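Since the structure is predicted, the reported quantities are computational estimates derived from the model, not experimental observations.
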Amino acid sequence: MSFTNNVGEFQQATNQWQKMMTDSWSQWTKTTVASDSFSAASGAYMDWTLSTQKMMTEMSGQVMESMDIPRRSDLARLSSQVQAVETRLLDQEESNDDIRELLMKLNAKLDQIAASSAAGPATAAPSETVETSLNAPKSTSPESKKSGKKKPAKL
């Protein structure tokens with residue numbers, strides 16, 4: 001039993017010593033962190049790390065440039081240019097589709113006119129009015145006479 005008593009006392013002494021060390025470490029850490037010298041030292045360390053990071057970034061950029069490896073900014077610029085070209089192409093395709101649709105309508109109207117004029121003189125009256133309206137001189141509005149510009153023809 002004396003052995004278990006000694007173990008219990010040893011364990012209790014160890015726990016007290018551990019608590020005392022933890023408390024003193026905690027007190028020392030609080031005192032150190034709250035001091036002006038710690039603030040100055042941590043500020044200087046942060047400044048040093050930021051300047052080192054800036055220097056490393058610049059040097060890695062120079063190395064990549066000398067090896068003809070594009071930077072992130074180069075890739076971002078190129079990506080935005082490609083996106084602008086894609087947008088322009090999509091707009092062009094939409095415009096071409098609109099023009100194609102208008103040409104198909106015009107072709108259908110011309111086929112209709114040709115079919116009605118081939119049918120004979122009985123149905124020639126409507127086609128003559130279309131032909132005369134196409135061949136008639138265009139009147140200009142007073143606004144376009146003043147500005148000297150003609151309005152674009154609509155299809």
Side-chain angles (χ1 to χ4, degrees), residues 14-15 18-155:
T14 304
N15 288 341
Q18 188 177 13
K19 184 178 180 334
M20 183 180 68
M21 291 301 291
T22 304
D23 289 345
S24 63
W25 177 258
S26 175
Q27 184 62 33
W28 179 82
T29 304
K30 287 178 184 177
T31 305
T32 303
V33 170
S35 70
D36 291 337
S37 60
F38 180 79
S39 297
S42 63
Y45 178 73
M46 186 167 30
D47 290 343
W48 177 79
T49 56
L50 289 174
S51 66
T52 303
Q53 180 184 10
K54 181 180 178 185
M55 182 179 66
M56 292 298 290
T57 302
E58 289 173 358
M59 290 179 71
S60 64
Q62 290 173 356
V63 167
M64 293 178 95
E65 188 175 316
S66 68
M67 295 174 62
D68 288 332
I69 297 173
R71 294 182 181 177
R72 185 183 311 214
S73 60
D74 296 334
L75 294 175
R77 181 181 44 80
L78 185 61
S79 175
S80 66
Q81 288 176 345
V82 167
Q83 188 175 11
V85 169
E86 285 178 350
T87 303
R88 288 176 60 194
L89 282 174
L90 288 174
D91 291 344
Q92 186 82 27
E93 286 177 4
E94 288 177 10
S95 178
N96 286 346
D97 289 343
D98 292 343
I99 291 171
R100 186 177 297 115
E101 185 178 315
L102 290 172
L103 285 174
M104 289 172 62
K105 286 180 183 179
L106 182 62
N107 195 16
K109 285 182 181 180
L110 289 175
D111 288 344
Q112 187 180 23
I113 291 171
S116 65
S117 66
T123 59
S127 64
E128 287 177 4
T129 58
V130 170
E131 289 178 18
T132 54
S133 67
L134 290 175
N135 294 331
K138 296 179 179 163
S139 63
T140 55
S141 66
E143 294 172 358
S144 62
K145 286 181 181 178
K146 289 179 185 175
S147 65
K149 296 180 181 177
K150 294 183 180 178
K151 291 184 178 179
K154 293 183 181 178
L155 295 178

[X] [atom1] to [Y] [atom2] distance, which is reported to the nearest 0.5 Å:
| X | Y | atom1 | atom2 | value |
| --- | --- | --- | --- | --- |
| L102 | M104 | CG | CE | 10.5 Å |
| E101 | I99 | CD | CD1 | 11.5 Å |
| S95 | R88 | OG | CZ | 13.0 Å |
| D23 | Q18 | CG | CD | 10.5 Å |
| E93 | L89 | CD | CG | 6.5 Å |
| S117 | I113 | OG | CD1 | 8.5 Å |

- Item | Polar side-chain atom of S26 near backbone of T22 as donor-acceptor pair, under 3.5 Å | no
- Query: Which pairs with one or both residues in residues 61-80 pass side-chain hydrogen bond (donor to acceptor under 3.5 Å, both in side chains), sequence neighbours excluded?
  - Reply: E65-R71
- Query: Of all residues at least two apart in sequence or in a different chain, which pass the side-chain hydrogen bond (donor to acceptor under 3.5 Å, both in side chains) check with N96?
  - Reply: none
- Item | CE/M20: more than 12 non-hydrogen atoms of other groups inside 6.0 Å | yes
- Query: Should T49 and Q53 count as side-chain neighbours, where that means a heavy-atom distance under 4.5 Å?
  - Reply: no
Please tabulate, one pair per line, all N/O donor-acceptor pairs under 3.5 Å involving side-chain atoms of residues 28-41, not counting sequence neighbours.
residue	atom	partner	partner atom	Å
T29	OG1	W25	O	2.7
T31	OG1	Q27	O	2.8
T32	OG1	W28	O	2.8
S35	OG	T32	O	2.7
S35	OG	S37	OG	3.4
S35	OG	F38	N	3.3
S39	OG	S35	O	3.4

